[in-house]
Colleague: 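This is the structure, below, for whatever I ask next.
Excluded from the calculations below are hydrogen atoms, water molecules and symmetry mates; all remaining heavy atoms, backbone and side chain alike, are included. Letters A, B, ... mirror the listed sequences (proteins, then strands); counts begin at 1.
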2 protein chains.
Amino acid sequence: MRSMDEKKKNESDDKTDIESVCNEFHQYLRRKGLRVTPERDRICREVYSTSIHFDAEDLVQRLQASSESVSRATIYRTLEVLEECGLVKKIRQTDKRRHYEKSLGLEHHDHLFCDECGKVIEFRVEEIERLQDDVCDHYGFHPRRHSLQIYGLCRECMAKKVKDDASKLE
Amino acid sequence: MRSMDEKKKNESDDKTDIESVCNEFHQYLRRKGLRVTPERDRICREVYSTSIHFDAEDLVQRLQASSESVSRATIYRTLEVLEECGLVKKIRQTDKRRHYEKSLGLEHHDHLFCDECGKVIEFRVEEIERLQDDVCDHYGFHPRRHSLQIYGLCRECMAKKVKDDASKLE
DNA sequence: TTCAGTGCAAATTGTTTGCAGTGAG
DNA sequence: CTCACTGCAAACAATTTGCACTGAA
């Protein structure tokens with residue numbers, strides 16, 4: 001698997017320094033003539049202090065559980081701003097919820113989603129990226145973003161399923 | 001572009017004979033002990049007599065415009081059955097609507113979506129399919145379905161944009 | 001001081017559900 | 001004759017919006 005770029009699956013990896021992310025966000029806001037408010041700051045921190053993957057409703061739950069609650073509307077509005085400034089990316093899954101991932105410092109990558117346990121595995125294969133560009137060239141298409149999602153069963157859930165199926169036959 | 005499989009973009013291509021599709025659907029229903037009803041038939045025909053791509057709400061609009069209106073609930077319920085039997089496939093969920101494409105006789109393929117005019121271009125690259133399998137092997141992941149979506153601007157919209165931007169500079 | 005931003009509650013949108021009546025097998 | 005299917009209207013769940021108030025610049 002030469003071209004596959006191994007990624008440690010470390011959801012709570014705190015390498016990205018929250019302060020610098022907030023700074024970047026504040027700068028973006030000022031550049032755009034938007035205001036830096038405690039709510040926006042709080043939301044940005046919450047997003048960046050937890051797992052890479054989250055959805056809007058989860059975020060609402062978490063933020064409203066804290067003493068410094070932020071309203072649902074503000075959270076939705078702020079997620080849009082965060083997306084515009086590139087700190088967060090929509091990845092949208094199968095259910096009706098809007099899924100995001102924080103994107104600072106992350107190279108583009110694609111996902112494997114386990115149908116059973118919901119696990120998310122990230123991967124990146126240069127060769128696939130390149131082939132996509134070829135396709136676009138071929139159609140004169142100007143790509144802005146893409147997503148490759150593979151759904152199925154992860155190793156563990158597959159093993160479990162095989163076992164369950166076997167025991168049903170007894 | 002050796003491995004790229006050219007697909008004529010012919011949305012209303014009626015090669016797939018509606019009668020045989022309906023037949024297949026009826027057989028599936030019987031096999032499963034489900035009933036063949038006029039509503040299910042009507043929905044199946046509507047799906048197969050129009051463009052490959054559609055979303056649930058569009059279908060509702062079209063079916064309710066006709067004299068033989070079918071209720072929204074029945075349409076949603078039937079789409080599920082059509083999906084189980086493989087006559088229809090769920091695709092992207094960019095907006096909040098549920099998008100489908102009819103899948104009979106179509107080989108798996110991926111999509112380019114134009115952000116501007118909404119055009120959809122289908123493509124298939126064997127090499128990409130193969131690389132995806134490699135990725136799954138590597139993680140011990142058992143794939144069931146996948147989708148690769150590329151968003152951006154199609155040739156025409158890109159040209160238009162370039163022109164517009166240029167005229168703004170005058 | 002002045003709007004952009006906030007919270008709240010009401011509105012929207014797509015989809016799902018409960019139920020009484022109906023018709024396919 | 002039965003029970004799966006239908007239409008309807010109400011229920012849901014996620015997101016959006018209108019509006020009066022508030023606080024960042």
Colleague: Please confirm whether any donor atom in the side chain of B/R72 sits under 3.5 Å from an acceptor in the base of D/dC8, or the reverse.
Modeller: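 Looking at the base of D/dC8, it does not pair with any donor or acceptor on the side chain of B/R72 (distance under 3.5 Å).
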Colleague: Where the side chain of A/R40 is concerned, which of C/dG5, D/dA24, D/dT15 is the nearest nucleotide?
Modeller: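 The answer is C/dG5.
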Colleague: Would you kindly say whether A/Y48 and A/E46 are connected by a side-chain donor-acceptor distance under 3.5 Å?
Modeller: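 No, no side-chain donor-acceptor pair sits under 3.5 Å.
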Colleague: Tell me which of B/L34 and B/E80 sits closer to the 5' end of DNA chain C, going by the nucleotide each one is nearest to.
Modeller: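 Final value for this comparison: B/E80.
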Colleague: Please answer whether the main-chain N or O of A/A56 pairs with a side-chain N or O of A/R97 as donor and acceptor at a distance below 3.5 Å.
Modeller: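 Not at all, since once roles are kept as given, no pair shorter than 3.5 Å links the two residues.
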Colleague: Take B/E129 and B/H109 through the side chain to side chain donor-acceptor pair (under 3.5 Å) test and state the conclusion after the steps.
Modeller: CA-CA 9 Å; B/E129 306 287 319; B/H109 56 258; over 6 Å; no
Colleague: State whether A/T37 places a side-chain N or O below 4.0 Å from either non-bridging phosphate oxygen (OP1 or OP2) of D/dA24.
Modeller: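 For D/dA24, neither OP1 nor OP2 has a side-chain N or O of A/T37 closer than 4.0 Å.
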Colleague: Taking atom P of C/dT13 as reference, at what distance in whole Å does atom CZ of A/R97 sit?
Modeller: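 For the pair A/R97 CZ and C/dT13 P, the rounded distance is 22 Å.
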Colleague: Check the distance between C/dT15's C1' and B/D58's CG and give it to me in whole angstrom.
Modeller: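 The answer, rounded to whole Å, is 15 Å.
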Colleague: Is there a donor on the side chain of A/R77 or the base of C/dG7 sitting less than 3.5 Å from an acceptor on the other?
Modeller: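 Yes, a donor-acceptor pair under 3.5 Å.
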Colleague: C/dT15 P sits how many Å from B/Y100 OH, rounded?
Modeller: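 Rounded to the whole Å, the gap is 7 Å.
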Colleague: C/dA4 base to A/R35 side chain: any donor-acceptor pair below 3.5 Å?
Modeller: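 Checked by distance alone, the answer is yes.
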Colleague: Can you find a side-chain donor-acceptor pair between A/D110 and A/H108 that sits under 3.5 Å?
Modeller: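 There is such a pair (donor and acceptor under 3.5 Å, judged by atom type) between the side chains of A/D110 and A/H108.
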